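Order of the sequence lines fixes the chain letters, A, B, ..., with proteins taken first and strands second; residue numbering starts at 1 for each chain. What you see is a predicted model; the values in this text were computed from it and never measured. Quick note: numbers below take in every heavy atom, side chains included, and nothing from hydrogens, waters or symmetry partners.
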Amino acid sequence: MPTKTDLQSLPSAYDHHAAQAKWYAFWEEKQYFHADPAPVLAGKKKPYSVVIPPPNVTGALHLGHALNNTLQDILCRRKRMQGYEVLWMPGTDHAGIATQAVVERRILAEEGKSRHDLGREGLVDRIWQWKAQYEERITGQLKQLGASCDWARQRFTLDDQCARAVRETFFKLFSDGKVYRGKRLVNWDTFLQTAVSDDEVFHEETKGNFWSFHYPVIDPQPGEPTHVTIATTRPETMLGDTAVAVHPDPAAQLDKVEAELKEKLAAAPAKEKAPIEKQLEALTERRKTLLPKLIQLRDMAARGVMLTLPLCDRKIPLIADEWAKPELGSGCVKITPAHDPNDYDVYGRHPEIGAINIMERDGTLTDSVPEPYRGLTMPQARKAVLADLEAAGCHDPEKDVEDRLIDLAHSDRSKTPIEPYLADQWFVKMDELAQSAMDAVTDGKTKIIPERYSKTYLDWLSEKRDWPVGRQLWWGHRIPVWEFRKDAITGSVREMGSSTQPTRFKRALQLGNGRVAGYAEVDGAAVSDINDFEFNTRQSWNFKICPADDESLQHEYSDGKSVQEALEADHCGFSQDEEVLDTWFSSALWPFSTMGWPEQTDLLKAFYPTSTLVTSRDIITLWVARMVLMGKYLLDEVPFPEVYIHPKILDGFGETMSKSKGNGVDPLDVIEQFGADALRFGIAYLTTETQDVRLPVEFVCPNCDTNVPQTKKNRVQPRVECPQCNEAFRTQWAEKPEDLALPRGPVTSERFELGRNFCNKLWNASRFALTNLEGYSPAASADGSPGRGATDTGGATNDLRIEDRWLLSRLSTVTAEVSSALDEYRFADAARTLYDFAWNEFCSFYIEMTKTRLDSPNDGAEEGADKQVAQAVLAHALDVLLRLLHPMTPFLTEEVWHLLGEVAPVRGLPAAAGAGPLQAGESVCVAPWPESDAAAIDKTIEEQFAKFQAVLGAVREVRQGQQIPPKEPVEFTVKCDATTAELLRPMQPYFTQMARATAIELGPDAKTPNIAASKPLGPIEVHVDVAAFIDVEAEKARLAKEQANLAKYIGGVKGKLANEKFVSGAPAAVVEAERTKLAEAESQLAAVKAALAKL
RNA sequence: GGGCGCGUAGCUCAGUUGGUUAGAGCGCUUGCUUGACAUGCAAGAGGUCACAGAUUCGAGUUCUGUCGUGCCCA
């Protein structure tokens, strides 16, 4: 028997620290979050599973993660209460490039060492240490947040189990001919020396120049130009030029541009016409001066005219291609296929021009450029090339330069400018895979919510661009391909044995146990049978092997050698590819790799496909689409039927939060200040369907506790001085010892006060209930078993008073609304509904009204019974409210649940759907989710109660308007019909309790006191006797305002009704409603006038 | 340039299929140390629903355009 809590000594404010410390440990100990596949496989429980979008181990979680995980937790906790077997799979992502970059930078800064100093193993080892540290941090943050993850099953995208899935997947793709090696122009990060994806690139406008050069024409015919002029923003790339292009039909192109401009001109508003007209003029001028020359050049290109590439002493062709824009610059464009994406496309159309790579991986120039430039960096080469071009007379710095803003791509990871670079890359063919993922959404197998994001998803997939999966990194899943190295070959591959299997891509060979695939190509022709094959060093080779997993590599041949030995034996000449896979490759497998695939585990059988994916819109393409296609490809089933896309958290300036901007908020700071429940409730409250969440950010001064609003300026400073106390505190940027010595100023947002206040309100309402349940006994249960003492007169429902019925009606409505809101991912609606109900109805009315009832002694017959009804309803309502709120505020509700269990262990009303009073469970975590009791919903009661609320409000308003001191009792009369009077009569104690007012007369004949302040409420008139307090001027002013409002309103309605079209066009019910409103307003106006006259 | 949002009170946001005098929280003003809660109670002020058209008896809500703003893609 646990010791009873002394309820009188509960703190008057909710202590989130204490609750959080207590209950997470309790839940873990009870293993509530540990999913068991057995009952699911046995058909006893329905499964509900969610995989966490694995946060990357680059750093700690921020508020965006808090939002993402809070929403998942809300869903999971609710489903658990609904009786599902819930699996919330937690884990983290290795985030290849991001993590390696962070760790490399750190090591360079702290130890002055590069990754090459450490070596591959050394660096990877250091990153594992980093990972361990941040994984722990992240896990801690999630637990602090209250996330109900199945921690025993935590995974990491680079752990052995995930690696197994990656290998198996790559093997299947390879065997199916969906993996190939090809050339591709990539975004090259010369600092990290790796390709980065488009998504890891940001663009920034930079001041630059537009330089013009002249390339000499070789053997021009008389009358033909001797030079071709081209212009570029990157002069150094001219060393890699392989052609100059001119448009194949410059006249037609100019016509087209002109037609477009004219169309634009016709549509443009007057003030915008001028610039367009100017453009048109320029075009006409260009037609005169430039067009003949362009036509001439086009003809020269057709004839095969060559140009001399200055500085390089190389001949390059003049070609005709549409990439050249006759409307821009000189109309001609230099083509550098290996260093510009558009030029690379031109090369695709004119392969004969070739592509020359002029850059090493480190960003210096290769030996393919003339000697003087070799080894220079790109900026150095630019200077040298410009100087030499000038010296050669091909460029005049006086005339041939203009300033221009250039949209320059930068690597997100190293912040250095991106160099386009032609590199060998691993690709996954996307045609069929992408189509299958598109089908999943168009067929409705996977539903994206909100629906509009389907477009993002489908648009991206429909491009079916092959997926470059290789990364020149050390941190990641190493590509499981062994490649033949020609220089190492001395023997034969015959001893590996083989069988053959044709595929759609070249030809794959199944070797050994059939779990090793390979393909071979000799002099460009696929090899179908390598059994009798002898290597010939004169031939050109392409031979690659991919084993499904390490075990396959260990497969032994009859001679006792393993595949791996055979592969890596010197005479065979195979070695493993140096690259690693794109992080998203392993993330794409997350929904099933975490469950043990490719093993057919019980977990996988019970919980795949998962139920819902909760994520943010920026990774719909990178991650969601790829999970869908991999799920379909590998398991023939979409990984989730629903994807919920939630808003993003922005700061007060509408910018995304990030550590690098300094506007990031650590959820732990918010939790420390406001509590996890407040953070979670605040997040749910803000999660609306269409809007991103804007959150003004503040520092909290550690010296005086004032909030210091964050500005774009102070958010990047190492120290901030508090304007309140003039003391300084440090920020995340503090590095110098004198800054680090300062106390840290946490970064939070006042927005979470709403959640904190709400939690506190609920805590105090609970405290009130708990301390007023003395003598509580459960209501009689529906089956007639003994319960509450005073049931002799019938079921407890017979004793319910109007406020009880009202509350139960509202509670049922709210239960239904919250349920459907959560079913439809309307988190804000659910939170707002609960907030409004708990605060404005449960607290402001029900609890206030029970005060008078709970005040009466236990014994007396009627009063005692009434008190017990109030207690039963109070306990029941609190019980339901706790259960409804638990997914959002788990710690608070668990705390109160246990306290309530001490005083009212058996709760519920006979009228409550499906259950009479029942023994409450040991945790609200596993308590049943409330069912809405349709029978309890009573619109009539709600309308009646609304009348009481309106009269009470009128009295309060008059009191306030007349500045009547709160302690002074007042009297009032209510002129109303007899039914309303009957309704209001029993409410007298509440008028006393809640407005210190006594209704001295109620009914049709109720008289207006001599000196009264009046408030008409439609058919009801409230007159407060203010003889002792009257402030005539104040009352006159109040009434005059009311009169003006009414007159205006009446005017509007009269106008409407006078409109013949309205009366005949609108539905009769609407017209009738307007008439009623008019009548009521007119009688109110009359009452106001009468009151004014009386004054 | 294309796509998707957003623009409602000083701030942050709700506003379901068109139909009460457009709401909430914070902030502001006034009055309250009543036994759950000052992280609170009661009341008040504050809005040309970005702008211009169109549809309709009726538009914050539907359509078109403009302006502003944000994100994604090229």
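Within residues 947-956 of chain A, the residues that have a heavy atom under 4.0 Å from RNA chain B are, in order of number, A/R956. Shown for residues 758-770 of chain A: residues whose heavy atoms fall under 4.0 angstrom of RNA chain B, namely A/N760, A/K761, A/N764, A/A765, A/R767, A/F768.
Between B/C63 and B/U16, the two P atoms lie 14 Å apart (nearest whole Å). For the C1' atoms, the distance linking B/G31 with B/U66 amounts to 49 Å, nearest Å. For the C1' atoms, the distance linking B/A50 with B/U61 amounts to 16 Å, nearest Å. The same atom, P, is picked in B/G46 and in B/A22; the two are 13 Å apart, to the nearest Å. B/C49 and B/G60: their P atoms are spaced 7 Å apart (whole Å). The P atoms of B/C41 and B/G5 are separated by 39 Å, rounded to the nearest whole Å. Rounded to a whole angstrom, the distance from the C1' atom of B/G44 to that of B/A9 is 14 Å. Taking atom C1' on both nucleotides, B/G15 is separated from B/G7 by 15 Å, rounded to a whole Å.
Across every non-hydrogen atom of A/I620 and A/I645, the tightest pair is CG1-CD1, 3.7 Å. Summarising the geometry of A/L834 relative to A/V814, their closest heavy-atom pair is CD2-CG1, 4.1 Å, with the distance given to 0.1 Å. Nearest heavy atom pair, residue A/D459 against residue A/S462, reads O-OG, 2.8 Å.
Residue A/D651 contributes atom CG, which lies 13 Å from atom C1' of B/U12 at whole-angstrom precision. Look at OH on A/Y685: it is 11 Å from P on B/A14, rounded to the nearest Å. The separation between A/R826 atom CZ and B/C13 atom C1' is 17 Å, rounded to whole Å. For the pair A/L650 CG and B/C72 C1', the computed distance is 14 Å after rounding to whole Å. A/L458 places its CG atom 14 Å from the C1' atom of B/C4, with the value rounded to the nearest Å. Between A/E463 atom CD and B/C72 atom P there is a gap of 16 Å when expressed in whole angstrom units. Separating the CD atom of A/E750 from the P atom of B/G27 is a distance of 8 Å, rounded to the nearest angstrom. Atom CD1 of A/I645 and atom P of B/G3 are 21 Å apart (whole Å).
The closest donor-acceptor contact from the side chain of A/E848 to the backbone of A/M994 lies at 3.5 Å or more, if one exists at all. Between the side chain of A/Y14 and the main chain of A/A19, no donor-acceptor pair closer than 3.5 Å is present. Within the 3.5 Å criterion, the main-chain N or O of A/N760 finds a donor-acceptor partner in the side chain of A/N764.
As judged by a 4.0 angstrom heavy-atom cut-off over every strand, A/T456 is placed among residues making no nucleic acid contact. At a threshold of 4.0 angstrom between heavy atoms, the contacts of A/K851 include nucleobase atoms, whether or not backbone atoms are also involved. Across all strands, A/R959 comes closer than 4.0 Å to no nucleic acid atom at all (heavy-atom distances). Note on A/R751: a base of the nucleic acid sits closer than 4.0 angstrom, heavy atoms only. Among the heavy atoms of the strands lying under 4.0 Å from A/E848 is at least one base atom, whether or not backbone atoms are also near. Nucleic acid contact class of A/D692 (heavy atoms, under 4.0 Å, all strands): sugar-phosphate only.
Side-chain contact check for A/N707 and A/E750: at least one donor-acceptor pair (N or O, by modelled atom type) lies under 3.5 Å. Inspection of the A/T748 and A/Q673 side chains reveals an N or O donor paired with an N or O acceptor under 3.5 Å.
Geometric assessment of A/K761 against the ring of A/F842 yields a negative cation-pi assignment under the 6.0 Å and 45° thresholds.
Taken together, the paired segments of RNA chain B that extend over three or more consecutive Watson-Crick or G-U pairs, each closer than 3.5 Å at both contacts, are B:1-7 with B:67-73, B:10-13 with B:23-26, B:28-32 with B:40-44, B:50-54 with B:62-66.
Residues passing the salt bridge (Lys or Arg N to Asp or Glu O under 4.0 Å) test with A/E1074 are A/K1056, A/K1077, sequence neighbours excluded.
For B/A36, the base has no donor-acceptor partner in the side chain of A/Q8 [N/O atoms by modelled type, under 3.5 angstrom].
Rounding to the nearest 0.5 Å places CE of A/M849 at 5.0 Å from OH of A/Y990. The distance from atom CG of A/L892 to atom CZ of A/F681, rounded to the nearest 0.5 Å, is 10.5 Å.
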Check nucleotides 20-23 of chain B for protein N or O atoms closer than 3.5 Å to its own N or O atoms and list the pairs.
{"residue": "B/U21", "atom": "OP1", "partner": "A/Y1049", "partner atom": "OH", "Å": "2.6"}

Can you check nucleotides 44-47 of chain B for protein contacts, nitrogen or oxygen pairs under 3.5 Å, and list what you find?
{"residue": "B/A45", "atom": "OP1", "partner": "A/K1041", "partner atom": "NZ", "Å": "2.0"}

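Mapping A/R452 and A/P696 onto RNA chain B via the closest heavy atom, the residue that lands nearer the 5' end is A/R452.
Residue A/E1082 qualifies as enclosed at atom CD: its count of foreign heavy atoms under 6.0 Å is above 12. The local environment of NZ in A/K447 is sparse, with at most 12 non-hydrogen atoms from other residues, nucleotides or ligands closer than 6.0 Å.
With respect to the salt-bridge test (charged N to carboxylate O, under 4.0 angstrom), the residues A/E968 and A/R959 do not qualify. Residues A/R810 and A/D836 are not paired through a salt bridge, judged by the lack of any N-O separation under 4.0 Å between the basic side chain and the carboxylate.
For A/Q963, whose side chain is taken as the heavy atoms from C-beta onward, the closest listed nucleotide among B/A74, B/U30, B/G25 is B/U30. When each of B/G40, B/A42, B/C13 is scored by its nearest atom to the side-chain atoms of A/S844, the top-ranked nucleotide is B/A42.
For the pair A/W839 and B/C41, the criterion of a side-chain N or O lying under 4.0 Å from OP1 or OP2 is met.
For A/F972 and A/F991, the distance between ring centers is under 6.0 angstrom.
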